[in-house]
Amino acid sequence: MEIKLHPPITNASGPHSVTYEELERIAQSAAGAIVTKSMTHCPRQGNPEPRLRAHLDGELGSLNSMGLPNLGYLEYAKFIPKLKEFGKPVIASIASAPCAHKLPPIEQYYEIATAIERAGADAIELNLSCPNLEDIPIAMDPQSVRAVLTAVTNAVKIPIGVKLAPYNNVPKLFDQIARTLLDFDIAYVATINSEPLTLDIDLKTRTKVIRPNDGFGGLGGPAVLPIALAEVHRFYKFFQKQKARIAVWGVGGIIRAEDAIKHFLAGASVVQIGTLFLWDGPQAFEKLWVGIQRWLQENGFSSVEEIVGQVREI
Ligand code: DHB
């Protein structure tokens with residue numbers, strides 16, 4: 001099932017997407033959809049602060065170990081009807097996390113997905129790749145990916161996207177995950193989630209920049225652009241070869257229109273904006289879309305669709 005967005009730009013789940021007020025600001029912006037922070041079964045405070053360094057030295061990117069702070073899925077279920085009044089798709093990002101009730105991850109995904117569909121969400125983005133929980137992300141284990149997708153795709157009718165981790169440093173896993181996805185009716189793959197296990201140091205204080213997880217967190221922003229482009233392109237080529245109708249949504253390192261154009265050329269049909277949205281707020285979407293349209297016009301194209309996947313070999 002396809003999701004068409006206009007413009008083909010959304011926020012990436014995470015920054016400024018936890019509260020109703022934040023989601024309303026995305027609704028009022030030029031973004032083509034509203035993506036929520038990943039919601040979990042239980043509300044979560046998240047990790048101790050400082051847990052986010054928005055600006056790494058030299059604007060390399062942002063580093064976080066937020067620990068999935070969110071209001072819990074029952075609150076988001078209440079917001080969704082109000083958010084839908086803005087007339088753009090509401091995409092509910094869903095994650096599993098440890099909770100006092102000890103519900104297994106698959107059941108957490110199932111219960112949240114069914115409740116959120118009933119609440120009127122237009123699509124679900126299964127976050128299988130939060131880098132900041134103790135457990136190994138589901139996205140790193142093909143059998144677990146299969147189990148979540150089996151439970152959720154059998155239970156809901158709305159389009160499902162899957163947010164994946166970067167696989168660039170894990171030989172063979174890409175193929176196993178990509179093949180697993182072919183067995184399910186999913187609308188899109190969003191790649192990449194933050195680059196896990198990254199560290200930065202503040203030289204003024206000689207401290208790590210964030211506190212949780214021994215200072216290790218997920219990296220986003222310009223530093224990850226080439227990793228994101230590679231992952232987008234691998235999925236795009238794989239799905240083309242297999243004649244699978246799964247779209248690729250590009251996430252990672254987009255702070256200028258030219259970065260988004262690279263994602264489109266690599267195979268993304270939609271781009272999601274994380275660190276830039278963290279830095280600049282909702283005006284980022286309008287600015288980016290104006291820049292993308294200018295690039296298209298200056299280069300003789302009339303739509304994003306014309307350039308999707310059109311990178312040339314040299
Ligand atoms: C969280 C952080 C991320 O970078 C991410 O991609 C998903 C979740 C978090 O810790 O809340």
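Just follow the structure's listing: the first ligand is 1, and inside any ligand the first atom is 1.
- In the model, E75 has no side-chain atom that pairs as donor or acceptor with a side-chain atom of Y20 under 3.5 Å.
- With sequence neighbours excluded, the residues that form a side chain to side chain contact (heavy atoms under 4.5 Å, CB included) with V152 are Y109, A113, L126, V148, V156, I160.
- Judged as a side chain to side chain donor-acceptor pair (under 3.5 Å), and not counting sequence neighbours, T153 has no contacts.
- D259 contributes atom CG, which lies 9.5 Å from atom CD1 of I292 (distance to the nearest 0.5 angstrom).
- Each of K37, N64, M66, G67, L68, P69, N127, C130, P131, N132, N193, S194 has a non-hydrogen atom positioned under 4.0 Å from some atom of ligand 1.
- For the disulfide bond (SG atoms under 2.5 Å apart) condition, the pairs that include at least one residue of residues 76-152, sequence neighbours left out, are C42-C99.
- Of the candidates F235, W249, Y236, F235 is the only one forming a side chain to side chain contact (heavy atoms under 4.5 Å, CB included) with T191.
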